[in-house]
2 protein chains.
Amino acid sequence: MSLKFAVLAALHEQPATGYDLTRNFRTRMANVWNASHQQIYRELSKMTEEGLLEVEDVPQDSRPDRKLYRLSDAGIADLANWLTESQGRPPTRDPLLVKLFGGDLVDPESLMAEITRQRQNWRQELDRYRDIEAEYFSAPEQVPFRFRLQHLALRKGIRSMESNLAWADEVVAVLNHEIKSRS
Amino acid sequence: MSLKFAVLAALHEQPATGYDLTRNFRTRMANVWNASHQQIYRELSKMTEEGLLEVEDVPQDSRPDRKLYRLSDAGIADLANWLTESQGRPPTRDPLLVKLFGGDLVDPESLMAEITRQRQNWRQELDRYRDIEAEYFSAPEQVPFRFRLQHLALRKGIRSMESNLAWADEVVAVLNHEIKSRS
DNA sequence: TCGCGCATGTAAGTTGTTACATGATTTA
DNA sequence: TAAATCATGTAACAACTTACATGCGCGA
């Protein structure tokens, strides 16, 4: 239900094509909302039919035309209305933690390999977020309220990666302890 | 695809009914995997057909019989095999952060109400996790490896709630600043 | 020349949510 | 006596994933 609102919120920031949205969801909004291009194109068509979006065709040479989407008045109203409703927490589904629940079926070295891989991944993601922060939000006091809110969204991503990394260290310590005690 | 493995991992710990699994996913494993009872019953039937689980009928008076599920050898093999595959990160989809991206359409007081509500929610969840930790994992050195891994899963939940709460304070500060500057 | 970025989609299948359905027992 | 817990499911729908499909331009 809320891919719709993620799209509305993204287009509220500025008009964009399906391709732009796909890129944004994968990069700048990676810690906010995840969606594949297939999902996005489908949703854009549907929302346009429902009158929430307006499309502008931007012809290009030797490439498919860009379809630039922007919010209609109905779209803005729908988004504003949704913003007043209180949201539940998103469900948690973490395969890595599932692994821990069955982890005694494999050797600790195998778990170590996995946590190491994930840690690298989180590290990279954190670096990416920090780059975005440095580039767009380096002077938070001087920035309009709208961007401060976006900055806060990014801050959640940063904190969450930091938390993951600290946890990874805890896991590594336990695994090392176990590996030593077995040898 | 991995509800299947969440179920296998949960049943690997101990045999259980659909009802038990539903309760566990909602409480003790809340930070690991989320699933409704409808999904769980459907999956249990399917997995039994596929030969991954065995069912034992436990008759009861004046209540539907309990169906106690346990892993078959094929189920254990399937789980063990999955554990060696490296897992991707779960996708992020957070309506609260979407709200921040459209947040300039509503007044900051409304956002404040929402973040306050969420903060309470996180606070309760954190308390719950800490209770579980105190009850089951208070002497980590003396506990078998299997339980230490479960404890680590819980630790991730604890850290993540702590991180959310710290972030909430950051949000509240920004919103307060904005509310003052507007009045 | 091979892969990546740009730019759009369709189709099939899996997973997850919401609504409906039943009924006894325990607790406040 | 009303609500929560125990205990199981079915059906319809919505959301998400994976595979397939096309084709140009640019840089290594």
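Source: prediction; values computed, not measured. Letters A, B, ... are given to chains in the order of the sequence lines, protein chains preceding strands, and every chain is numbered from 1. These values consider heavy atoms only, across backbone and side chains, with no hydrogens, waters or symmetry-generated copies.
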Taking the six-membered ring of A:Phe137 as reference, does the NZ or CZ atom of A:Arg155 fall below 6.0 Å from its centre and within a 45° cone about the axis? no
Could you tell me the separation between the CZ atom of A:Arg66 and the P atom of C:dT8, rounded to a whole number of Å? 7 Å
Whole-Å distance separating the CD1 atom of A:Ile40 from the P atom of C:dT10: 15 Å
Answer yes or no: is there a side-chain heavy-atom contact under 4.5 Å between [X] and [Y]?
{"X": "B:Arg148", "Y": "A:Glu178", "answer": "no"}
{"X": "B:Thr92", "Y": "A:Phe25", "answer": "no"}
{"X": "A:Leu175", "Y": "B:Leu149", "answer": "yes"}
{"X": "A:Leu8", "Y": "A:Leu53", "answer": "yes"}
{"X": "A:Leu44", "Y": "A:Thr17", "answer": "no"}
{"X": "A:Arg119", "Y": "A:Asn164", "answer": "no"}
{"X": "B:Trp33", "Y": "B:Leu3", "answer": "yes"}

Chain B vs DNA chain D, heavy-atom contacts under 4.0 Å, first-to-last nucleotide span, 5' to 3', is D:dT5 to D:dT17
B:Gln118 side chain to A:Gln87 main-chain N or O, any donor-acceptor pair under 3.5 Å? yes
Among residues at least two apart in sequence or on other chains, which ones pass side chain to side chain contact (heavy atoms under 4.5 Å, CB included) with A:Tyr136? A:Ile132
Sort me out a list of protein N/O and nucleotides 24-28 of chain C N/O pairs below 3.5 Å, or just none if empty.
unit_1, atom_1, unit_2, atom_2, d
C:dT25, OP1, B:Ser62, OG, 3.4
C:dT25, O4', B:Arg63, NH2, 3.1

Pairs where residues 27-55 of chain B contributes a residue and the test salt bridge (charged side-chain N to carboxylate O under 4.0 Å, His left out) is met, not counting sequence neighbours: B:Glu13-B:Arg28
What residues in residues 6-19 of chain B put a non-hydrogen atom under 4.0 Å from any atom of DNA chain D? B:Thr17, B:Gly18, B:Tyr19
What residues, two or more places apart in sequence or in another chain, satisfy salt bridge (Lys or Arg N to Asp or Glu O under 4.0 Å) together with B:Arg26? none
Considering the terminal five base pairs at each end of the helix from C:dT1-D:dA28 to C:dA28-D:dT1, what angle separates the two local helix axes, rounded to 10°? 50°
With B for base contact, S for sugar-phosphate-only contact and - for none (protein heavy atoms under 4.0 Å), nucleotides 11-17 of chain C reads ----SBB
Step-by-step side chain to side chain donor-acceptor pair (under 3.5 Å) determination, B:Glu125 to B:Tyr129: CA-CA 6 Å; B:Glu125 202 64 4; B:Tyr129 292 164; 3.1 Å; yes
Do you know the tightest heavy-atom contact between B:Pro15 and B:Arg70? CG-NH1, 3.5 Å
Among all residues two or more places apart in sequence or in another chain, which pass the ring-ring contact (aromatic ring centres under 6.0 Å, His included) test with B:Phe5? B:Trp82
Show me the donor-acceptor pairs, under 3.5 Å and distance only, between side chains in residues 73-81 of chain A and residues at least two apart or in other chains.
unit_1, atom_1, unit_2, atom_2, d
A:Asp78, OD2, A:Lys4, NZ, 3.2

I need the residues from residues 20-31 of chain B with at least one non-hydrogen atom less than 4.0 Å from DNA chain C; give them sorted by number, or say none. none
Expected list for residues 101-109 of chain B: side-chain donor-acceptor pairs under 3.5 angstrom, two or more places apart:
unit_1, atom_1, unit_2, atom_2, d
B:Asp104, OD1, A:His12, NE2, 3.1
B:Asp104, OD2, A:His12, NE2, 3.3

